[in-house]
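Just so you know, ligand 1 is whichever comes first in the structure, and atom 1 is the first atom listed for that ligand.
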Amino acid sequence: MIEVYAPASIGNFAVGFDALGAALAPIDGSLLGDVAVVSAAASDEFVCSGEYAHKLPSDASENLAYQCLVHFRAHVAPDMPSVKLELKKNLPIGSGLGSSACSVVATFAALDKFAQTNLSQVELIELMADFEAIVSGGRHYDNITPCYLGGLQLTGDLIPDKSIALPVDENWYYVAAFPGFSLNTAKARSVLPKELSMHAGVEFAQRLSAFSSLLLTQRFDDALSIMQDDIAEPYRAPLITGFSEAKANLPALGAEIVSISGAGPTLFTVCKTLEAAEKCAQWLAQNYINEQGFCHICKLDNDGTRQLTVL
Ligand SMILES: Nc1ncnc2c1ncn2[C@@H]1O[C@H](COP(=O)(O)OP(=O)(O)O)[C@@H](O)[C@H]1O
Ligand SMILES: N[C@@H](CCOP(=O)(O)O)C(=O)O
């Protein structure tokens with residue numbers, strides 16, 4: 001049996017629409033992500049369990065993890081012995097935490113290990129991105145590569161091997177608050193403008209390249225000072241009840257920045273101290289999340305996707 005965990009991630013990371021993403025590790029040691037378990041069976045079967053399984057279509061053929069298994073058997077490893085695939089769906093759907101990417105990454109990574117197909121990193125990343133694109137309304141790697149590789153990843157087709165890891169200040173804390181309602185990624189992409197002005201395009205390129213260079217040269221405070229999303233946040237904020245209030249209130253509690261995680265409705269902050277992160281988390285618990293929501297103080301998950309059990 002192979003059991004693989006894939007962590008939640010913050011797509012866009014404010015300055016890198018579709019190009020920057022970070023994997024999350026709650027500091028309380030809990031696992032925030034999906035798990036795929038592959039074991040030998042008499043014939044191929046699929047089971048979806050976990051807290052959010054009931055939010056997914058009951059027909060297995062509509063579950064991305066099952067679709068990954070069907071593709072893997074047909075096109076990657078036709079000789080693989082029959083398997084039982086169990087997806088433990090621990091992340092809410094349409095949350096802005098890279099939920100669909102988590103399922104796809106955990107499943108392909110587990111199947112690759114079980115069948116010993118030894119796909120290259122780039123082959124796996126491409127396969128994973130193909131499947132996430134089925135539901136998200138666009139092909140982007142900013143959940144896939146941080147989820148798979150861990151850390152903060154600058155990512156895309158133009159980038160050698162699809163991804164470059166960027167350093168962050170080890171003192172930074174990330175508060176991720178899921179308000180408890182869903183926002184479909186494809187819908188949140190549909191409200192974005194189809195074109196950027198020349199000015200906006202130049203500014204986006206400047207901001208992302210400066211942010212990356214500042215991180216790479218350890219100028220972390222300077223990087224934070226330009227961490228802002230002018231590309232997606234202005235269009236998506238109206239879709240997220242409470243986001244504008246949070247953005248207005250959290251800086252006074254020590255949030256260096258407040259932005260939307262992925263397509264939302266999860267929001268995230270970057271804080272320089274645990275004390276500030278705790279104050280932000282408390283405010284968010286009282287003012288942003290409902291009974292179905294949750295809030296985690298996190299560091300980056302630098303391990304990315306990993307095996308939990310091998311039997
Ligand atoms: N294993 C899966 N995990 C998440 N979503 C899935 C899965 N299988 C199918 N889906 C469907 O894909 C869509 C994912 O919605 P999306 O808003 O892209 O989620 P997220 O942003 O959380 O990844 C939903 O319609 C959901 O029913
Ligand atoms: N770059 C994408 C990220 C979507 O992340 P998700 O977690 O909401 O699926 C976008 O902004 O659309």
Any N or O of S261 closer than 3.5 Å to N or O of ligand 2: no
Check: G98 N/O within less than 3.5 Å of ligand 1 N/O: no
Contact (N/O only, under 3.5 Å) between S99 and ligand 2: no
L183, portion touching ligand 2 at heavy-atom distance under 4.0 Å: neither
Full working for salt bridge (charged side-chain N to carboxylate O under 4.0 Å, His left out) between D169 and K272: CA-CA 9 Å; D169 190 326; K272 287 193 199 171; over 6 Å; no
Exam field: side chain K279 to backbone A252, donor-acceptor pair closer than 3.5 Å: no
N or O pair under 3.5 Å between K89 and ligand 1: yes
Interatomic spacing from CD in Q218 to CG in L214 - rounded to 0.5 Å: 11.0 Å
Backbone or side-chain N or O of N12 under 3.5 Å from ligand 2 N or O: yes
Taking atom 8 (O) of ligand 2 as the reference point, the nearest protein heavy atom with its distance: A263 N, 2.9 Å
G96 near ligand 2 by a heavy-atom separation under 4.0 Å: yes
Minimum-distance protein heavy atom relative to atom 21 (O) of ligand 1: T185 OG1, 2.6 Å
Parallel, tilted or perpendicular: ring planes of Y174 versus W172, cut at 30 and 60 degrees: perpendicular
The one among V135, V104, N143, L97 that brings a heavy atom closest to atom 11 (C) of ligand 1: V135
Which residue and heavy atom of the protein sit nearest atom 26 (C) of ligand 1, plus the separation: I93 CG2, 3.7 Å
Gap separating the SG atom of C147 from the CE atom of M128, nearest 0.5 angstrom: 7.5 Å
L87: numbered ligand 1 atoms lying under 4.0 Å from its heavy atoms: 1 (N)
C102 SG to K89 NZ distance, which is reported to the nearest 0.5 Å: 6.0 Å
Closest protein heavy atom (residue, atom, distance) for atom 9 (O) of ligand 2: T185 OG1, 3.1 Å
Atom 8 (N) of ligand 1 [closest protein heavy-atom partner, distance rounded to 0.1 Å]: L64 N, 2.9 Å
Protein contact to atom 23 (O) of ligand 1 [nearest heavy atom, distance to 0.1 Å]: S100 OG, 2.5 Å
Heavy-atom nearest neighbour in the protein, as seen from atom 25 (O) of ligand 1, with distance rounded to 0.1 Å: N184 ND2, 4.3 Å
Residue among K88, K113, R306 satisfying salt bridge (charged side-chain N to carboxylate O under 4.0 Å, His left out) with E3: K88
Atoms in ligand 1 with a heavy atom of P57 nearer than 4.0 Å: 27 (O)
For G98, atoms of ligand 2 separated by under 4.0 Å from a heavy atom: 7 (O)
Any N/O pair G11/ligand 2 closer than 3.5 Å: no
Enumerated ligand 2 atoms positioned under 4.0 Å from heavy atoms of N143: 3 (C), 4 (C), 5 (O), 6 (P), 7 (O), 9 (O)
Side chains of D142 and T155, donor plus acceptor under 3.5 Å: no
Q228 atom CD, neighbour heavy-atom count above 12 within 6.0 Å: yes
Qualifying residue, where the test is side-chain contact (heavy atoms from CB on, under 4.5 Å) with L149 and the options are D161, I125, V105, D303: I125
Protein residue, atom and distance nearest to atom 9 (C) of ligand 1, heavy-atom basis: E62 O, 3.3 Å
Contact with ligand 1 for S95, non-hydrogen, under 4.0 angstrom: yes
Numbered atoms of ligand 2 (with element) below 4.0 Å of R189, judged on heavy atoms: 1 (N), 2 (C), 10 (C), 12 (O)
Ring geometry between F131 and F108 (parallel below 30°, tilted from 30 to 60°, perpendicular above 60°): perpendicular
R236, portion touching ligand 2 at heavy-atom distance under 4.0 Å: side chain
Taking every non-hydrogen atom, the tightest pair across S261 and L97: OG-CD2, 4.4 Å
Per-atom contacts, ligand 2 versus L97 - under 4.0 Å to a heavy atom: 7 (O)
Between CD on residue E275 and OH on residue Y173, distance to nearest 0.5 Å: 11.5 Å
Salt bridge (charged side-chain N to carboxylate O under 4.0 Å, His left out) assessment of D229 paired with R236: CA-CA 11 Å; D229 174 6; R236 288 172 167 173; over 6 Å; no
Approximate separation, where rounding is to 0.5 Å, of F178 CZ and L267 CG: 12.0 Å
Rounded distance (nearest 0.5 Å) linking atom CZ of R139 with atom CD1 of I144: 9.0 Å
Verdict with supporting geometry, D157 and K162, salt bridge (charged side-chain N to carboxylate O under 4.0 Å, His left out): CA-CA 6 Å; D157 277 318; K162 306 289 180 201; 2.7 Å; yes
Closest protein heavy atom (residue, atom, distance) for atom 1 (N) of ligand 2: D18 OD1, 2.6 Å
Ligand 1 N/O within reach of D34 N/O, cut-off under 3.5 Å: no
Closest protein heavy atom to atom 2 (C) of ligand 1, given as residue, atom name and distance to 0.1 Å: S103 OG, 3.6 Å
Identity and separation of the nearest protein heavy atom to atom 22 (O) of ligand 1: G94 N, 2.8 Å
Under 3.5 Å: N/O of L56 near N/O of ligand 1: no
Polar atom proximity, N63 to ligand 1 (N or O, under 3.5 Å): yes
Ring geometry between F13 and F268 (parallel below 30°, tilted from 30 to 60°, perpendicular above 60°): parallel
Test item, A263 contacting ligand 1 (heavy atom, 4.0 angstrom): no
